[in-house]
A.B. asks: 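My questions will all concern the structure given below.
As a basis for the values below, the full set of heavy atoms in this structure was taken, side chains included, without hydrogen atoms, waters or symmetry mates.
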Amino acid sequence: MLRDVPVGHPDFGKALPCRCKQAERQERYLRAIERVSGLAGLDRYTFTTFQPAPGWLPPHHRRSLEIAYTTCRNFAESPRGWLLLLGGYGCGKTHLAAAIANDRIARGFPALFVVVPDLLDHLRATFGPSSEIRYDELFEQVRNAELLVLDDLGAHSGSAWAQEKLFQLLNHRYNAHLPTVITTNQRMEELDPRLRSRLNDVSLVTALHITAPDFRSGGSRLHDELDTLALHREQTFQTFDLGRRQLSPEQLGTLRRVRDAAQSYAQEPGGWFVLMGPSGVGKTHLAAAIANHQVEQGIREPLFVVVPDLLDYLRAAFAPHTPVPYDRRFDQIRQVDLLVLDDLGIESATPWAREKLFQLLNFRYDAALPTVITTGLKADRLDPWLRTRIFDLQRSQVAVLEIPPFRGSADQAARPPRGR
C-alpha cells in the first residue's frame, strides 16, 4: 500500500503494510514478546509471598533482606534509574525482581522480565527463516521496554556476540536512563568492564548486595560441603569440664581463665581468638562452643573447619567440571561471618598450602574479621608472618593451655559416655 502524500514527504513512494497486515505484524510481535518474557510460571513471585525477615536467619542477613525488600517495593511504585540485585544462588534476587515486574503489570503498566541466556537465544533465533519477528524489531522492543528486568546477568556464554548485544542493550538504556532491574550472582570484577563501569555509576544505579544464604536449601553450599560444626554440637560452654582432678590449682585456674575468655569472646566476637596447647586439652571444645553460641543466639553464621579439610576443598576446585571455581570458593571462605580454623599446623606444609593460608589469614587479619584458631604448635614453630599476627594484641587474643590432656585421662573415663 502507498500513502497519498506529497512529493518530498518521508513516506512518498514507500510501500507500507495495510491495516490487516499491521494487525498481523502486531500479533506476531506480541507472540514473540510473550515467548521472550520469563514471567510465565513466576506469577507466585510477589511481594506478598516474599519473606523479608525469616526467623532462622541471623540478624545481619535479615537486615540485608529487609533493605532489599523495602527498596524493591519502593522501586515498583515509581521505577527510576537502575536497580542492581547482587547475591548468591537462591538468596531471593529473582523473586524480588519478578515481584517488581508482576507489581507493575498488576498496576496496568508494561514490564518485560527476561532471563539473560534466554534473551540471547531468542535474538539468535530471529535470524532463522521461520522466525515470526525480525531481529531488529525484537531488539528494539527489548531495549526500549518501559521497564526491563534482566535476570541472571553473567549466566550467559561469554561469546563476543553475546557481550556485544548486552552492551548495546544496556548502553542504550543507560544513556536514555530507562528503568532497569538487573540480577546477578557474579562478582562485579567478573563482568564485562564496559558493563561494570555503568553498573558502578551511583548517580543512576542502586546496588543491593543480598547476603542471605540459599532459601531453597536453608543454607549455603559452602556450609553444606565444608562446615563440620554439626559434629561438635554437644561441645558447649555448659559441657566444658572444669572439674579435672588431675590438675593442680594453678592449672585449674588457667583452664577457668581460658574458658572465661572464650565465653567472653563468644558474646561479641571481634578480631582473632587463638587457642594454643597440646592435643586433647580442650581447644577444639572451646572453639566449637564459641561457634555453637553464635548459632544458638542467631548472631552469626560460623564456618567450622579443620585446616587440612579446608585445603582439600580448595584443591578440589581445580578438578575438571567443578561447579564452583577456585576463586569463588576462596572468596566465600575468607569473607564468612565467623571462621573457626581447627588444628592449624597439622596440614602438609607445602609452599602452596602455606601461600593459601597466608592469603586467607592475612585478609581476615587486615579486615579484623572474627576468626578462631586452634593449634598445637608452640609459638617458635609458627611461620613468622603468622606469629606476628597472632601476637598482635590489638587484633588478637591468645589463650595458652599448657596443661595435661583431658582426652584419654582418668577424668574423662569417669564421665558418663555421650548420649547418657
A.B. asks: Taking atom types as modelled, is there a side-chain donor on T254 or R257 under 3.5 Å from an acceptor on the other?
C.D. replies: yes

A.B. asks: Got N200 and V205 here, is their nearest side-chain heavy-atom distance under 4.5 Å?
C.D. replies: no

A.B. asks: Thinking salt bridges, do D327 and R187 make one under a 4.0 Å N-O criterion?
C.D. replies: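 Yes, charged N to carboxylate O under 4.0 Å.
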
A.B. asks: At what distance, to the nearest 0.5 angstrom, does CZ of R196 lie from CE of M188?
C.D. replies: 7.5 Å

A.B. asks: Nearest heavy-atom pair of T371 and Y265: which atoms, and what distance?
C.D. replies: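 The pair with the smallest heavy-atom distance is N-OH, 3.3 Å.
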
A.B. asks: So, do L147 and I100 sit near enough that their side-chain heavy atoms are less than 4.5 Å apart?
C.D. replies: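 With C-beta onward as the side chain, the pair touches.
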
A.B. asks: In sequence, state the C-alpha distance, the side-chain angles, and the governing distance for D392 and R395, and then conclude on salt bridge (charged side-chain N to carboxylate O under 4.0 Å, His left out).
C.D. replies: CA-CA 6 Å; D392 178 354; R395 296 285 181 92; 5.3 Å; no

A.B. asks: In Å and rounded to the nearest 0.5 Å, what is the CG to CG distance from N171 to N175?
C.D. replies: 4.5 Å

A.B. asks: Please report the interatomic distance CG(L170) to OG1(T180), rounded to the nearest 0.5 Å.
C.D. replies: 7.0 Å

A.B. asks: Should the pair R134-D136 be classified as a salt bridge under the 4.0 Å nitrogen-to-oxygen rule?
C.D. replies: yes

A.B. asks: Where does the angle between the aromatic ring planes of Y135 and F127 fall among parallel (under 30°), tilted (30 to 60°) and perpendicular (over 60°)?
C.D. replies: parallel

A.B. asks: Apply salt bridge (charged side-chain N to carboxylate O under 4.0 Å, His left out) to E164 and R194, showing your working.
C.D. replies: CA-CA 10 Å; E164 176 190 318; R194 297 173 299 175; over 6 Å; no

A.B. asks: Is the shortest side-chain N to carboxylate O distance from R256 to D260 below 4.0 Å?
C.D. replies: no

A.B. asks: Do Y326 and R315 touch side chain to side chain, with heavy atoms closer than 4.5 Å?
C.D. replies: no

A.B. asks: If we count only N and O atoms by modelled type, under 3.5 Å, do the side chains of N144 and E140 hold a donor and an acceptor together?
C.D. replies: yes

A.B. asks: Please tell me if the side chains of L255 and L242 come closer than 4.5 Å, counting only heavy atoms from C-beta onward.
C.D. replies: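 When only atoms from C-beta onward are counted, L242 and L255 do touch, with a gap below 4.5 Å.
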
A.B. asks: With side chains defined as the heavy atoms from C-beta onward, is the minimum distance between I390 and W272 less than 4.5 Å?
C.D. replies: yes

A.B. asks: Distance only, no hydrogens: is a donor on one side chain within 3.5 Å (strictly under) of an acceptor on the other, for H95 and T49?
C.D. replies: yes

A.B. asks: Taking the side chain as every heavy atom from C-beta outward, state whether W82 and T206 have any atom pair closer than 4.5 Å.
C.D. replies: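 Side-chain contact under 4.5 Å: no.
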
A.B. asks: Quick one, R387 with D383, criterion salt bridge (charged side-chain N to carboxylate O under 4.0 Å, His left out). Give me CA distance, side-chain angles, the key distance, then yes/no.
C.D. replies: CA-CA 6 Å; R387 185 168 62 246; D383 284 339; over 6 Å; no

A.B. asks: With rounding to the nearest 0.5 Å, note down the distance linking CD1 in I67 to CD1 in I210.
C.D. replies: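 If we round to the nearest 0.5 Å, I67:CD1 and I210:CD1 are 10.5 Å apart.
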
A.B. asks: Side chains of L85 and I182: does their closest heavy-atom pair fall under 4.5 Å?
C.D. replies: no

A.B. asks: Going by the angle between their ring planes, with limits at 30° and 60°, are H232 and F304 parallel, tilted or perpendicular?
C.D. replies: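 Ring orientation of H232 relative to F304: tilted.
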
A.B. asks: Check L386 against L344 and note the closest heavy-atom contact, atom names and distance.
C.D. replies: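 Taking every non-hydrogen atom into account, CD2-CD2, 3.4 Å.
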
A.B. asks: Would you check if there is a donor-acceptor pair between the side chains of T183 and D151 at a distance under 3.5 Å?
C.D. replies: yes

A.B. asks: Whether R80 engages the ring of F75 as a cation-pi pair (distance to the six-membered ring centre under 6.0 angstrom, angle to the ring normal within 45°) should be assessed.
C.D. replies: no

A.B. asks: Is there side-chain contact between L166 and D192, with at least one heavy-atom pair below 4.5 Å?
C.D. replies: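 L166 vs D192: side chains apart.
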
A.B. asks: Between A97 and V149, which heavy-atom pair has the shortest distance, and what is it?
C.D. replies: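 The pair with the smallest heavy-atom distance is CB-CG1, 3.7 Å.
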
